[in-house]
Q: 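The structure follows.
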Amino acid sequence: MRRITKIPGFPPRSQAGHKGTFGTVAILAGSPGMLGAAILAARGALRGGAGLCRVCLPASLMAPFTTAVPSATTLRRSEALRGFFDRATAMVVGPGLGTSKAVGAQVRRAVERSKVPGVLDADALNLMAPLRARRWRGQAPAVLTPHPGEAARLLGSDADAVQSDRRAAVAELCARTGQVVVLKGQGTLVCDGARLYQNRSGNDGLATGGSGDVLAGLIGALLAQAMDPFDAACLGVYVHGKAGDLVASRLSKPGLIAEDLPSAIAEVMR
């Protein structure tokens, strides 16, 4: 497997561009008690340069979400999802969704029917576990973003086994899905089966609730701007880590929280 050390550049931006030029991220996330995950994913997407962000939510959560993220629009989840992701240029599925039977059906539908690249994170991964069959049902490329526990569930293993040989674990996930995999943790690994990137930015302050939701939205924004999935994942984890370093330098590592990251991402992308 070829080791990659060079970070891809940011997507080009035309001065004559408009909000449609810079991509639309469609997000399926959030549930009662977990609205924050959808908020953080949307903020990550918007700070990552996406021109538009649409979030599909339970009706009861639409108003508080709009108050928190007025730059995004919402869609009632009870409405048909058919075509929702096709009207976007990238999707993010999973943060704070829950793992009910109904949600599982929505996730499968999103993965199997969407024709746009996407990020599968958190509960989307839990609903897919374990990935025993070496077959991927999606029509479009995807970036999977498991932490060690989620990776273990996907592999039918345990977190200690994943952590004992992280490169083998990420390579096996790539083999089972044929997709780009981001194995989060110290020295986050990005792999597509042929290339491997180990991230060097970031610090232990990023080990805080919601940090991964911001990362999912950020990678979704880069996909929406037509970046190659492997490049989008590498750039996303690097920028996310640099944002964490920026916040830690101003505040502290222990005091870093996920809400600090989106604005810091915007600074890193200057």
Q: Kindly work out whether a path of hydrophobic side-chain contacts (I/L/V/M/F/W/Y, heavy atoms less than 4.5 Å apart) joins L215 to I39.
A: yes
Q: Do L35 and V55 land in one hydrophobic cluster if side-chain heavy atoms of ILVMFWY residues count as linked below 4.5 Å?
A: yes
Q: Determine whether a donor-acceptor pair (N or O, by modelled atom type, separation under 3.5 Å) exists between the side chain of E150 and the backbone of H147.
A: yes
Q: Quickly, which of M91, R54, R77 forms a side-chain contact (heavy atoms from CB on, under 4.5 Å) with L28? Name it, please.
A: R77
Q: Ignoring hydrogens and geometry, is there a side-chain-to-backbone donor-acceptor pair from S157 to R153 under 3.5 Å?
A: no
Q: What's the spacing between L131 CG and Q179 CD if we round to 0.5 Å?
A: 10.5 Å
Q: Using every non-hydrogen atom in the two residues, find where I27 and A29 come nearest and quote the distance to one decimal.
A: CG2-CB, 3.6 Å
Q: Establish whether L97 and V119 are linked, either directly or via other cluster members, by ILVMFWY side-chain heavy-atom contacts under 4.5 Å.
A: no
Q: With sequence neighbours left out, what residues match T66 under side chain to side chain donor-acceptor pair (under 3.5 Å)?
A: none
Q: Applying side chain to side chain donor-acceptor pair (under 3.5 Å), can you list everything that pairs with E259, at least two apart in sequence or on another chain?
A: none
Q: Within a strict 4.5 Å, meaning less than it, do heavy atoms of the L144 and V180 side chains meet?
A: no
Q: Would E172 and D165 count as a side-chain contact (heavy atoms from CB on, under 4.5 Å) here? Give the steps.
A: CA-CA 11 Å; E172 179 62 18; D165 194 343; over 6 Å; no
Q: Same hydrophobic cluster for I265 and I257, using side-chain heavy-atom links shorter than 4.5 Å among ILVMFWY?
A: no
Q: For residues L46 and V69, determine if any side-chain heavy atom of one lies less than 4.5 Å from a side-chain heavy atom of the other.
A: yes
Q: Is T73 close to C53 at the side-chain level, that is, under 4.5 Å between some pair of heavy atoms?
A: no
Q: Under 3.5 Å, is there a donor-acceptor pair between the side chain of Q225 and the main chain of F22?
A: no
Q: Under a 3.5 Å distance rule, please check whether T89 uses its side chain to pair with a backbone N or O of A224 as donor and acceptor.
A: yes
Q: Once side chain to side chain donor-acceptor pair (under 3.5 Å) is applied, do any residues pair with D121, and if so which ones, sequence neighbours excluded?
A: T145, K184
Q: Show, in sequence, the C-alpha distance, side-chain angles and deciding distance for N199 and V190, and conclude whether the side-chain contact (heavy atoms from CB on, under 4.5 Å) test is met.
A: CA-CA 8 Å; N199 190 49; V190 181; over 6 Å; no
Q: Do the non-hydrogen side-chain atoms of I7 and Y197 ever get within less than 4.5 Å of each other?
A: yes
Q: Can you name the closest pair of heavy atoms from Q198 and G187 and give their distance?
A: CG-O, 3.6 Å
Q: Looking only at heavy atoms, which two atoms of C174 and G193 are closest? And how far apart?
A: SG-N, 3.7 Å
Q: I would like to know whether L57 and L75 meet side-chain contact (heavy atoms from CB on, under 4.5 Å); could you show each step before the answer?
A: CA-CA 6 Å; L57 290 163; L75 177 73; over 6 Å; no
Q: Kindly state each residue pair satisfying salt bridge (Lys or Arg N to Asp or Glu O under 4.0 Å) with at least one member in residues 19-48, sequence neighbours excluded.
A: none
Q: Please say yes or no: joined through hydrophobic side-chain contacts below 4.5 Å, possibly via intermediate residues, are V182 and I4 part of one cluster?
A: yes
Q: Test your reading of the model: is there a side-chain donor-acceptor pair from S114 to the backbone of V111, 3.5 Å cut-off?
A: no
Q: How long is the span from the CG atom in L218 to the CG atom in D213, to the nearest 0.5 Å?
A: 12.5 Å
Q: Give, for atom CG of L189 and atom CG of L196, the distance between the pair rounded to the nearest 0.5 Å.
A: 5.5 Å
Q: Test your reading of the model: is there a side-chain donor-acceptor pair from D231 to the backbone of D228, 3.5 Å cut-off?
A: no
Q: Would you say the side chain of L120 lies within less than 4.5 Å of the side chain of V143, judging by non-hydrogen atoms?
A: no
Q: Flag the pair L125 / P146 as yes when at least one side-chain heavy-atom distance between them is below 4.5 Å, and no otherwise.
A: yes
Q: Pairs under 3.5 angstrom only: tabulate donor-acceptor contacts from the side chains of residues 232-246 to other protein residues two or more places apart or in another chain.
A:
residue : atom : partner : partner atom : Å
H240    : NE2  : S211    : O            : 3.0
H240    : NE2  : S211    : OG           : 3.2
D245    : OD1  : G202    : N            : 3.4
D245    : OD1  : N203    : ND2          : 2.9
D245    : OD2  : G202    : N            : 3.1

Q: Just wondering, are more than 12 heavy atoms of other shown residues or ligands nearer than 6.0 Å to CD in E267?
A: yes
Q: Using side-chain heavy atoms (C-beta onward) and a distance below 4.5 Å, is V92 in contact with V25?
A: yes
Q: Could you tell me the separation between the OG atom of S60 and the CZ atom of R76, rounded to the nearest 0.5 Å?
A: 10.0 Å
Q: Tell me the closest heavy-atom pair linking M227 and P8, and the distance in Å.
A: CE-CB, 4.0 Å
Q: May I have the step-by-step check of side-chain contact (heavy atoms from CB on, under 4.5 Å) for L206 and L261, ending in yes or no?
A: CA-CA 9 Å; L206 290 167; L261 295 172; 3.8 Å; yes
Q: I need the M128 CE to R108 CZ distance, nearest 0.5 Å.
A: 11.0 Å
Q: For R167, give me all partners under side chain to side chain donor-acceptor pair (under 3.5 Å), at least two apart in sequence or on another chain.
A: none
Q: Looking only at atom types and distance, does a side-chain atom of D123 sit under 3.5 Å from a main-chain N or O of N126, one as donor and one as acceptor?
A: no
Q: Does some side-chain heavy atom of L256 sit less than 4.5 Å from a side-chain heavy atom of L251?
A: no
Q: For G98 and V103, which heavy atoms make the closest approach, and how far apart are they?
A: O-CG1, 3.4 Å
Q: For residues P229 and L223, report the shortest heavy-atom separation together with the two atoms involved.
A: CA-CD2, 3.6 Å
Q: Going from CG on L52 to OG1 on T24, what distance comes out if it is rounded to the nearest 0.5 angstrom?
A: 4.0 Å
